[in-house]
Number of protein chains: 2
Amino acid sequence: MATLSDVARRAGVSPATASRVINGSSKPVTDELRERVLAAVAELQYVPNAHAQLLARSHRSAVGVIVHDVSDPYFAEITRGLQRVATDQGRLLMICNSYRDPDRELEYVELLRGHQVAALILAGSGYHDDAFTRQLNEKLAAYEATGGRVAVIGRHEHSGDAVMPDNRAGGYLAGRELCDLGHRAIGVVAGPRILTTTTDRLAGLRQALAEGGHDLPERRIRYAEFDRDGGAEATARLLDADPELTAIVALNDSMAIGALATLRARSLAVPQRVSVVGFDDMPIARDVTPALTTVRLPLVDMGVRAMSLVLGAEAPAPRVEVLPAELVRRDTAGPVPRSTRDTAGAAPRPRRGDDAS
Amino acid sequence: MATLSDVARRAGVSPATASRVINGSSKPVTDELRERVLAAVAELQYVPNAHAQLLARSHRSAVGVIVHDVSDPYFAEITRGLQRVATDQGRLLMICNSYRDPDRELEYVELLRGHQVAALILAGSGYHDDAFTRQLNEKLAAYEATGGRVAVIGRHEHSGDAVMPDNRAGGYLAGRELCDLGHRAIGVVAGPRILTTTTDRLAGLRQALAEGGHDLPERRIRYAEFDRDGGAEATARLLDADPELTAIVALNDSMAIGALATLRARSLAVPQRVSVVGFDDMPIARDVTPALTTVRLPLVDMGVRAMSLVLGAEAPAPRVEVLPAELVRRDTAGPVPRSTRDTAGAAPRPRRGDDAS
DNA sequence: TCCCTGCGGGAAAGGGCTTTCTCTGCGGTA
DNA sequence: TACCGCAGAGAAAGCCCTTTCCCGCAGGGA
């Protein structure tokens, strides 16, 4: 690889001058020398060594992001928001997938610290795991002590800037909707119970059912991976245990799609026989058939907010932005079937689809 | 940030010794010193400066990847394959999204070169754009001249290692299937015509139709963005121009999903009234309703191969691995409707779904 | 004529780490 | 006892840039 001194030598100038030309330094350089340098750069196809640059300027510019999996639509949307703000400010993003492995998450914090990122954003759910949480907080504290900025998206046990989707309220909306439609036998297809996202959504759901006079026994909850296959499998187990269920809440849309697959495989009509409500409103939710009724989270906006927090002015006290959840009524949730309908009659509600053309 | 010399000072040793302990150098260090260093590292929460390390060792380890968009399922799958091999070999991946912007693609080549990546993988489609291709090849040549390894996925006019999905054969399979089902009025929802992926798939399709005795006039092709909305919109235009179409080939699955949305919005039954064939077999293809008939590409494997090429031994001559396409029959392609069926009678074929449970 | 100023350029000091080279001191052999 | 060899530790030379500091020179004011 050609180096700066190669360029300088070829142009017949000092490395200092070459550097100034290449970086558009404020220090003036005569046009003649400038051109010689530029010519040398072109001839040698010179590209500055990024590591040397980063080492030489103490400038920290890149931002580190840790997500569970960028290719999961939930995180893809959040990342889109993060990216938008970062790009606007000329920041490079280093994105790491933890694949929901706490150890890997800790490793990535170190890795990103080592890469001298200016800020760190943790975009995955929190874990109910005290040992892990303590370790993580130690590492984050060490990072913050050296001037690093940290923001978390949807995680509780870290006292710092945070963007929180209102998972609990979202769970409540889903539960409330099904209660209003007259459902009582409601099953839940849940993500890993160690995730705070799961438990928060569940808590809201439970509250809504309680207000409707129902409870949510553990046997009507199945925990599985937060993805399509997890949802399909959990739904199968749920139906095996309790064939009379009239509604299923999936704690994210991927799981909901798995649930729909299982229901289709078993020829249980949605929503006539079983209603389904998802969570997140991923883009694909409107394209499955029937279109998925779900709880929308402003995913892109969550990313935007988190990145803005972390790149903006430092605040004296931790800021917590709670972003609201919203019920999106499409076609997978309907009134409880007649045969199983109980006294709490449910007036049919208008549905809406939102397809293109 | 604590530095190596801070650690050394605290442990009462030289930086050299500290470095050796931390990196598990082959040079022996007494247990006593080793422990002192380790203790200092823990107390100071020391993390080595990655840039300084990368600068000091001439060792290149990371691998750069340029894709159109990781959150697009097509690239997400490929990336999964790339990642798998990279992780096995302890390599870090730097993934960049070009968002199909040629200029950005060129910039990223420079950026990654600057970051001293050991290899570069271009995972997007090639472009029909001579000026761009020339520039790209210049940059890649400069990179290769300094020992960098390069592999491309898809057809690029780059003479070097390559992994090629057999897009043409895939297009042929789609066309052949529809011909066999008796369709003649076939519309195509295509991606940007500047992409070689688009033109290759189209070429195969055209060949199949020609063999079936039909042609594929330009008016039955609509070019749009390679995503869901592009597919929805192109389908709408196609139907407006030619309401008699009995089949639509979408050149990727995202577009196919958009096509299904438009057809649903217009109450055109799939596959009874209009058949649809997609391309790629993204994971979601089996979960839409009806499940999507599509052409499968071994996406993960493509990533695995590309990374293996680039991390394996250097070959004297460029290696080109062509990976086959395969038709996956699900539920969106059926026989041409009776009313429009012509002489080339089509025997109904068995369909298969492949849902879970 | 002399001094000061300001401009354009180079020398050199880091920045944090790795690694080669060098040095010291010890045990073993002749 | 003298010498050799080697283990273990440190000194120092890079790796490739950026940026401060300094220097020489030309022009302007006194």
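Any value given below was found using the heavy atoms of this structure, including those in side chains, with hydrogens, waters and symmetry copies removed. All values reported here derive from a predicted model rather than from experimental measurement. Chain identifiers are assigned alphabetically (A, B, ...) following the order of the sequence lines, protein sequences preceding nucleic acid strands; residue numbering begins at 1 within each chain.
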**Student:** Taking only side-chain N and O atoms of Thr3(B), does any of them lie within less than 4.0 angstrom of OP1 or OP2 on dG16(C)?
**Tutor:**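 Looking at the OP1 and OP2 atoms of dG16(C), neither is under 4.0 Å from any side-chain N or O of Thr3(B).
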
**Student:** To the nearest 0.5 angstrom, please state how far the CG atom of Leu93(B) sits from the CZ atom of Arg84(B).
**Tutor:** 13.5 Å

**Student:** Report the residue (Leu33(B) or Ala56(B)) whose heavy-atom-nearest nucleotide on DNA chain D is the more 5′ of the two.
**Tutor:**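 The residue closer to the strand's 5' end, by nearest nucleotide, is Leu33(B).
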
**Student:** Atom CG in Asp69(B), atom SG in Cys96(B): separation rounded to 0.5 Å?
**Tutor:**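 It comes to 12.5 Å.
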
**Student:** Looking at CD1 of Ile153(B) and CD1 of Ile66(B), how far apart are the two atoms once the value is rounded to the nearest 0.5 Å?
**Tutor:** 12.0 Å

**Student:** When you check the phosphate oxygens OP1 and OP2 of dA11(C), does a side-chain N or O of Ser14(A) lie under 4.0 Å from one of them?
**Tutor:** no

**Student:** Could you tell me whether Leu54(B) contacts a base, only the sugar-phosphate backbone, or nothing, with contacts defined as non-hydrogen atoms closer than 4.0 Å?
**Tutor:** nothing

**Student:** Could you give the CG-to-P distance, from Leu55(B) to dC17(D), as a whole number of Å?
**Tutor:** 9 Å

**Student:** Does any residue of residues 139-149 of chain B have a heavy atom under 4.0 Å from DNA chain D, and if so, which ones, in number order?
**Tutor:**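 Nucleic-acid contacts, sorted: none.
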
**Student:** Rounding to an integer number of Å, can you tell me how far Asp31(B) CG sits from dA7(D) C1'?
**Tutor:** 14 Å

**Student:** Distance from Tyr74(B) atom OH to Asp227(B) atom CG, nearest 0.5 Å?
**Tutor:**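 Spacing of OH (Tyr74(B)) from CG (Asp227(B)) equals 15.0 Å.
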
**Student:** For a quick test of reading the model: is some side-chain N or O of Ser19(B) closer than 4.0 Å to OP1 or OP2 of dC17(C)?
**Tutor:** no

**Student:** With a 4.0 Å limit, can you tell me whether Tyr46(A) has a side-chain N or O closer than that to the phosphate oxygens OP1/OP2 of dC17(D)?
**Tutor:** yes

**Student:** Rounded to whole angstrom units, what separation is found between the NE2 atom of His51(A) and the C1' atom of dG16(C)?
**Tutor:** 14 Å

**Student:** Of the nucleotides dT18(D), dG8(C), dC17(C), which has the atom closest to the Arg57(A) side chain?
**Tutor:** dT18(D)

**Student:** Out of Asp130(A), Leu106(A), Val109(A), which residue meets the side-chain contact (heavy atoms from CB on, under 4.5 Å) rule with Gln135(A)?
**Tutor:**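 Filter result, single survivor: Leu106(A).
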
**Student:** Which whole-number value in Å describes the distance from Arg113(A) CZ to dC17(C) P?
**Tutor:**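 To the nearest whole Å, that distance equals 12 Å.
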
**Student:** Report yes if a side-chain nitrogen or oxygen of Gln53(B) is closer than 4.0 Å to either non-bridging phosphate oxygen (OP1 or OP2) of dT18(C); otherwise report no.
**Tutor:**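 So the side chain of Gln53(B) is within the cut-off, an N or O lying under 4.0 Å from OP1 or OP2 of dT18(C).
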
**Student:** Using a cut-off of strictly less than 4.0 Å, decide whether Thr30(A) has a side-chain nitrogen or oxygen near OP1 or OP2 of dG8(C).
**Tutor:**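 Answer no for this pair, as no side-chain N or O of Thr30(A) is under 4.0 Å from OP1 or OP2.
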
**Student:** Identify which nucleotide among dT18(D), dG10(C), dT18(C) has an atom closest to any side-chain atom of Asn23(A), counting heavy atoms from C-beta outward.
**Tutor:**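 Among dT18(D), dG10(C), dT18(C), the one nearest the side chain of Asn23(A) is dT18(D).
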
**Student:** When the aromatic ring centroids of Tyr99(A) and His68(A) are compared, is their separation below 6.0 Å?
**Tutor:** no

**Student:** If each of Pro15(B) and Pro28(A) is mapped to the nucleotide of DNA chain C with the nearest heavy atom, which maps nearer the 5' terminus, i.e. the 5' end?
**Tutor:**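 Looking at the nearest nucleotide for each, Pro28(A) comes out on the 5' side.
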
**Student:** Rounded off to whole Å, could you give me the CG-to-P distance for the Asp6(B) and dG15(C) pair?
**Tutor:** 12 Å

**Student:** Between C1' on dT18(C) and CZ on Arg60(B), what's the gap in Å once rounded to a whole number?
**Tutor:** 17 Å

**Student:** Taking the minimum atom-to-atom distance to the side chain of Pro48(B), which one of dG10(D), dC17(C), dG14(C) wins?
**Tutor:** dC17(C)

**Student:** Please report, rounded to the nearest Å, how far the P atom of dC16(D) is from the CD atom of Gln116(B).
**Tutor:**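 Roughly 8 Å, once rounded to whole Å.
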
**Student:** Do Asp6(B) and Arg10(B) sit within salt-bridge range, that is, some charged N less than 4.0 Å from a carboxylate O?
**Tutor:**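 So Asp6(B) does not pair with Arg10(B) through a salt bridge.
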
**Student:** Taking the minimum atom-to-atom distance to the side chain of Ala16(B), which one of dG10(C), dT18(D), dA12(D) wins?
**Tutor:**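 Closest nucleotide among those given: dA12(D).
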
**Student:** Would you kindly give the NE2-to-C1' distance between His115(A) and dC17(C), to the nearest whole Å?
**Tutor:** 14 Å

**Student:** Between the base of dG10(D) and the side chain of Arg20(B), is one N or O donor paired with an acceptor at under 3.5 angstrom?
**Tutor:**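 Looking at the base of dG10(D), it does pair with a donor or acceptor on the side chain of Arg20(B) (distance under 3.5 Å).
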
**Student:** Do the side chains of Lys139(A) and Glu110(A) get close enough for a salt bridge, i.e. N-O under 4.0 angstrom?
**Tutor:**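 Yes, charged N to carboxylate O under 4.0 Å.
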
**Student:** For the pair Glu107(B) and Arg104(B), find out whether any cationic side-chain nitrogen is under 4.0 Å from an anionic carboxylate oxygen.
**Tutor:**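 Salt bridge absent between Glu107(B) and Arg104(B).
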
**Student:** Which nucleotide, dG10(C), dC21(C), dC17(C), lies nearest any side-chain atom of Ala52(B)?
**Tutor:** dC17(C)

**Student:** Does dG15(C) have OP1 or OP2 under 4.0 Å away from a side-chain N or O of Asn49(B)?
**Tutor:** no

